[in-house]
Number of protein chains: 2
Amino acid sequence: MSTSSPATIEDVARIAQVSIATVSRAIHTPEKVANSTRLKVNQAIAITGYTTNAMARSLRLGRSNMILVVAPDIGDPNFSNILVGLENEARAHGYGILIGHTQNDPQRGLEYLKFLNSNQAAGLILFTGILPFGHQSMTARLPPSVGVFEPVYNGGIPYVGVDDIEGARKAVDLLIAEGHRKIAFIGDSRTRLAYSRRRQGYDAGLDAAGVPAGERIILEGDGTIESGRLALEQLFMRDTLPSAFMCVNDQTAIGVMIGLGARGYDIPNDFSVTGFDDVPQASFMTPSLTTIRQPRTAIGKSAMALLFELLSDSEPTDTEILLRPDLIVRNSVSAPSRRFQKR
Amino acid sequence: MSTSSPATIEDVARIAQVSIATVSRAIHTPEKVANSTRLKVNQAIAITGYTTNAMARSLRLGRSNMILVVAPDIGDPNFSNILVGLENEARAHGYGILIGHTQNDPQRGLEYLKFLNSNQAAGLILFTGILPFGHQSMTARLPPSVGVFEPVYNGGIPYVGVDDIEGARKAVDLLIAEGHRKIAFIGDSRTRLAYSRRRQGYDAGLDAAGVPAGERIILEGDGTIESGRLALEQLFMRDTLPSAFMCVNDQTAIGVMIGLGARGYDIPNDFSVTGFDDVPQASFMTPSLTTIRQPRTAIGKSAMALLFELLSDSEPTDTEILLRPDLIVRNSVSAPSRRFQKR
DNA sequence: TCCCATGATGTAAACCTTTACATGGATCGT
DNA sequence: ACGATCCATGTAAAGGTTTACATCATGGGA
């Protein structure tokens with residue numbers, strides 16, 4: 001029971017008085033073994049406390065039971081909950097997950113590519129829009145892979161995320177419904193493909209509301225708090241201010257809120273603000289931030305499930321799975337201030 | 001280069017015109033192989049793009065190059081940054097990290113115990129005060145293990161964290177310096193050992209300031225936002241209110257702040273509040289929360305470094321490594337209100 | 001000049017599993 | 001009653017690596 005080294009299949013075979021082949025079959029293909037034998041084997045397993053040595057198994061099978069999850073930044077507040085979904089689903093399939101952290105350093109990415117090349121992982125989950133393997137990204141032969149949270153540029157890799165267009169549409173529709181027409185979009189068309197889609201949702205909403213393109217205010221940021229504040233400063237230097245700020249993500253929105261607060265404005269009475277993502281901070285801002293929630297755990301679960309579909313070789317059903325985003329109404333949105341209403 | 005299956009050590013040997021043993025030596029013990037040979041081998045490696053198959057290596061060596069990190073809740077805001085430190089340090093040693101998520105479910109813990117028993121992980125990092133392996137925890141033979149973030153009850157497992165006593169002392173000293181004497185401690189003596197230590201720091205600080213034990217106000221919570229609010233309500237039902245709330249962690253402090261806000265009080269003018277941990281929300285509260293920072297990335301790095309010391313069999317130098325906590329002064333603390341000063 | 005120590009390399013076993021193939025007994029149909 | 005078929009099980013090879021041991025050449029000391 002508590003011997004010095006873990007029991008092997010041979011120990012089980014000896015006790016059950018069968019061959020190791022039979023033990024292996026009793027475990028993995030029980031229907032191929034007689035009932036009485038299976039019973040003996042199971043008892044022997046219980047006695048020895050046998051667990052199959054995953055390394056030997058992987059070596060023999062030529063594939064491991066690990067899924068590599070690569071993210072540029074593990075510390076990203078969006079990451080941890082997706083990880084929960086990924087882990088749960090993986091474990092349900094008997095797989096473990098391995099964490100890779102590239103910090104956008106191609107050198108580090110390359111090390112994970114080696115990992116993959118030596119068959120250490122059966123599949124790959126990518127938390128980044130660009131393959132993180134530097135110049136080898138083009139030629140790299142990858143195991144079955146799924147992008148999560150944002151589409152992967154390099155093509156051919158299925159993706160699970162939120163419907164960004166619909167989410168943005170929900171935000172803009174709320175603002176329209178409150179009576180806003182001059183809605184600034186503080187976006188980021190460069191770093192993430194998902195962000196361009198949010199812009200599309202914004203445009204679609206204003207199209208539907210009949211706000212001509214000429215009246216739209218578009219600013220470029222890079223999705224950080226600082227860039228939100230900067231974009232705000234730019235706006236104040238122009239003559240036309242919007243009544244509402246629709247931000248490409250919560251970080252940007254937080255920057256805008258900080259900037260407005262510093263200038264002495266009141267949210268939502270002077271200006272309305274919306275974000276996107278529903279990061280944990282969003283509910284702790286003053287006022288709390290109205291935003292679009294990413295169903296993070298569900299995204300992770302769904303992405304991992306898709307990966308297992310790919311692994312089992314059944315044709316992938318969908319190349320893109322978009323989950324429904326939820327509008328989370330809090331306190332950063334109200335009707336436009338009088339200044340705008342009398343216009 | 002881009003052949004159908006990954007190159008093996010045999011491919012390298014053939015090209016370098018040496019035996020596979022020599023290749024293995026050239027890689028792992030280069031000093032045992034002639035310079036000229038080493039050169040040939042390295043060239044062959046470059047040509048084939050060989051990466052050593054970690055599964056075969058692990059099988060042969062009887063130990064893997066993976067470290068299992070088990071946490072009850074991966075989503076914990078404290079977790080992700082520690083993970084960054086853990087991952088960086090592990091990778092520097094050529095190890096990968098594997099994530100285990102127990103959700104306090106012994107059944108799940110048991111599955112990870114199997115993992116360990118089948119030698120799938122060379123070491124274990126525990127993010128929880130109790131071994132998560134259910135009733136088998138007592139007898140489980142574990143690989144070298146290190147507790148992180150909070151001490152592991154079951155003993156014998158070294159621990160890396162912050163100096164909770166010193167951290168709490170810094171918070172209480174700040175409050176004393178501001179002129180507070182009636183300082184309530186909202187604690188949690190049950191769920192985490194670390195929390196009891198914070199209580200010790202509180203007592204030590206008040207001892208030093210000459211505040212008699214009889215004047216101290218101690219409440220029990222469980223470290224959640226809700227429990228902070230509840231504790232506050234209890235206090236308001238008594239006749240003596242403190243001038244400051246020292247909370248065992250940020251979550252509790254946030255609960256207290258919300259409760260005080262709901263009752264119409266102003267922080268810090270009416271009451272001062274301190275937290276512990278410096279979770280991301282702390283800086284976004286209104287007012288921002290004065291707290292004690294856990295150097296999370298450093299803790300992770302240090303814990304993993306200690307684990308490698310254990311792995312390399314050199315006697316563990318320290319059974320407990322305590323990092324220095326930093327006082328982060330923000331806006332939730334000021335001198336006591338006049339009500340208390342005129343006492 | 002011969003022997004031995006030394007250093008470099010090769011041979012082969014071992015790590016633990018899975019599975020193609022072989023074996024042997026039982027069952028069934030004729 | 002005999003051959004064919006099927007089912008349960010065993011035998012052995014293979015997967016890629018590391019390393020103890022064997023081998024062989026080289027050079028130095030006597």
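Chain identifiers are assigned alphabetically (A, B, ...) following the order of the sequence lines, protein sequences preceding nucleic acid strands; residue numbering begins at 1 within each chain. All figures in this text were calculated on a predicted structure; none of them were measured in a lab.
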*Asks:* Nearest whole Å is fine: how far is dC16(C) C1' from Leu61(B) CG?
*Replies:*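 About 14 Å, once rounded to whole Å.
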*Asks:* Choose from dC16(C), dT17(D), dG15(D) the nucleotide whose nearest atom is closest to any side-chain atom of Leu59(A).
*Replies:*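 Ranking dC16(C), dT17(D), dG15(D) by closest atom to the Leu59(A) side chain puts dG15(D) first.
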*Asks:* Figure out the CZ/C1' separation between Arg14(A) and dC16(C), and round it to whole Å.
*Replies:*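 Atom-to-atom, Arg14(A) to dC16(C), this comes out as 14 Å.
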*Asks:* Polar atoms only, N or O, under 3.5 Å: list the protein pairs with nucleotides 4-9 of chain C and their distances.
*Replies:*
residue : atom : partner  : partner atom : Å
dT9(C)  : OP1  : Thr37(B) : OG1          : 2.3
dT9(C)  : OP2  : Ala34(B) : N            : 2.9
dT9(C)  : OP2  : Thr37(B) : OG1          : 3.4

*Asks:* Would you be so kind as to tabulate the donor-acceptor pairs closer than 3.5 Å made by side chains of residues 63-74 of chain B, with sequence neighbours excluded?
*Replies:*
residue  : atom : partner   : partner atom : Å
Ser64(B) : OG   : Met66(B)  : N            : 3.1
Ser64(B) : OG   : Gln120(B) : O            : 2.7
Asp73(B) : OD1  : Gly75(B)  : N            : 2.8

*Asks:* Check ring pair (Phe, Tyr, Trp, His ring centres under 6.0 Å) between Tyr95(A) and all other residues, then give those that pass, not counting sequence neighbours.
*Replies:*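 Scan of Tyr95(A) (ring pair (Phe, Tyr, Trp, His ring centres under 6.0 Å), adjacent residues dropped) gives Phe308(A).
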*Asks:* Nearest to the side chain of Asn53(A) - dG10(D), dG16(D), dC16(C)?
*Replies:*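 Nearest to the side-chain atoms of Asn53(A), counting from C-beta on, is dC16(C).
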*Asks:* Can you tell me the distance, in whole Å, between the CG atom of Asp11(A) and the P atom of dC16(C)?
*Replies:*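 Roughly 9 Å, once rounded to whole Å.
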*Asks:* Using only side-chain N and O atoms of Arg57(A), determine if any of them is under 4.0 Å from OP1 or OP2 of dT18(C).
*Replies:*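 Affirmative; the distance criterion is met.
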*Asks:* Write out all pairs satisfying ring pair (Phe, Tyr, Trp, His ring centres under 6.0 Å) with one or both partners inside residues 65-85 of chain A, taking only residues at least two apart or from two chains.
*Replies:*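 Qualifying pairs: Phe79(A)-Phe127(A).
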*Asks:* Kindly state each residue pair satisfying ring pair (Phe, Tyr, Trp, His ring centres under 6.0 Å) with at least one member in residues 52-72 of chain A, sequence neighbours excluded.
*Replies:*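 Every candidate ring pair (Phe, Tyr, Trp, His ring centres under 6.0 Å) pair involving residues 52-72 of chain A fails, so no pair, neighbours aside, qualifies.
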*Asks:* So what does Ile20(A) touch, heavy atoms closer than 4.0 Å: a base, only the sugar-phosphate, or nothing?
*Replies:*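 Touches a base.
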*Asks:* What is the bend of the helix from dT1(C)-dA30(D) to dT30(C)-dA1(D) when you compare the axis at one end with the axis at the other, using five pairs each and rounding to 10°?
*Replies:*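 One end axis against the other gives 50°.
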*Asks:* Would you kindly give the CD1-to-P distance between Ile9(B) and dG15(D), to the nearest whole Å?
*Replies:*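 Rounding to the nearest Å, CD1 of Ile9(B) and P of dG15(D) are 15 Å apart.
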*Asks:* When the side chains of residues 105-113 of chain A are checked against the rest of the protein, which donor-acceptor pairs come out under 3.5 Å, sequence neighbours left out?
*Replies:*
residue   : atom : partner   : partner atom : Å
Asp105(A) : OD1  : Gln107(A) : N            : 2.8
Arg108(A) : NH1  : His101(A) : O            : 3.0
Arg108(A) : NH1  : Asn88(B)  : OD1          : 3.2
Arg108(A) : NH2  : Asn88(B)  : OD1          : 3.1
Glu111(A) : OE1  : Arg91(B)  : NH1          : 2.5
Glu111(A) : OE2  : Arg91(B)  : NH1          : 3.2
Tyr112(A) : OH   : His101(A) : N            : 3.2
Tyr112(A) : OH   : Glu87(B)  : OE2          : 2.3

*Asks:* Would you mind telling me which of dG16(D), dA14(D), dA12(C) lies closest to the side-chain atoms of Arg60(A)?
*Replies:*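 The closest nucleotide is dA14(D).
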*Asks:* Please enumerate all residues that pass side chain to side chain donor-acceptor pair (under 3.5 Å) together with Arg192(A), with sequence neighbours excluded.
*Replies:*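 Checked Arg192(A) against side chain to side chain donor-acceptor pair (under 3.5 Å); matches are Glu150(A).
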*Asks:* Taking CG from Asn65(B) and P from dT17(D), how many angstroms apart are they, rounded to a whole number?
*Replies:*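 After rounding, the reported distance stands at 13 Å.
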*Asks:* From CG of Leu39(A) over to P of dT9(D), roughly how many Å is that when rounded to an integer?
*Replies:*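 In whole Å, dT9(D) P lies 12 Å from Leu39(A) CG.
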*Asks:* Which part of the nucleic acid does Ser58(B) contact within heavy-atom distance under 4.0 Å: base, sugar-phosphate only, or nothing?
*Replies:*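 If one applies the 4.0 Å heavy-atom cut-off, Ser58(B) turns out to touch nothing in the nucleic acid.
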*Asks:* Mind checking side chain to side chain donor-acceptor pair (under 3.5 Å) for Asp11(A) and listing every partner two or more places apart, or none if nothing turns up?
*Replies:*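 Partners of Asp11(A) by the side chain to side chain donor-acceptor pair (under 3.5 Å) criterion, ordered by chain and then number, come out as Arg14(A).
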*Asks:* Without decimals, in angstroms, what is the distance between Met55(A) CE and dA14(C) C1'?
*Replies:*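 Going from Met55(A) (CE) to dA14(C) (C1'), I get 14 Å.
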*Asks:* Quickly work out the Glu10(B) CD to dA14(D) C1' distance and round it to whole Å.
*Replies:*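 Between C1' of dA14(D) and CD of Glu10(B): 12 Å.
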*Asks:* To check you understand the geometry: which heavy-atom pair defines the closest contact between Leu126(A) and Pro132(A), and what is its length?
*Replies:*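 Looking at all heavy atoms of both residues, the closest pair is CD2-CD, 3.8 Å.
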*Asks:* Tell me, yes or no, whether the heavy-atom count around Lys40(B) atom NZ, taken from other residues, nucleotides or ligands under 6.0 Å, exceeds 12.
*Replies:*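 Yes, NZ of Lys40(B) has more than 12 neighbouring heavy atoms, counting only those of other groups under 6.0 Å.
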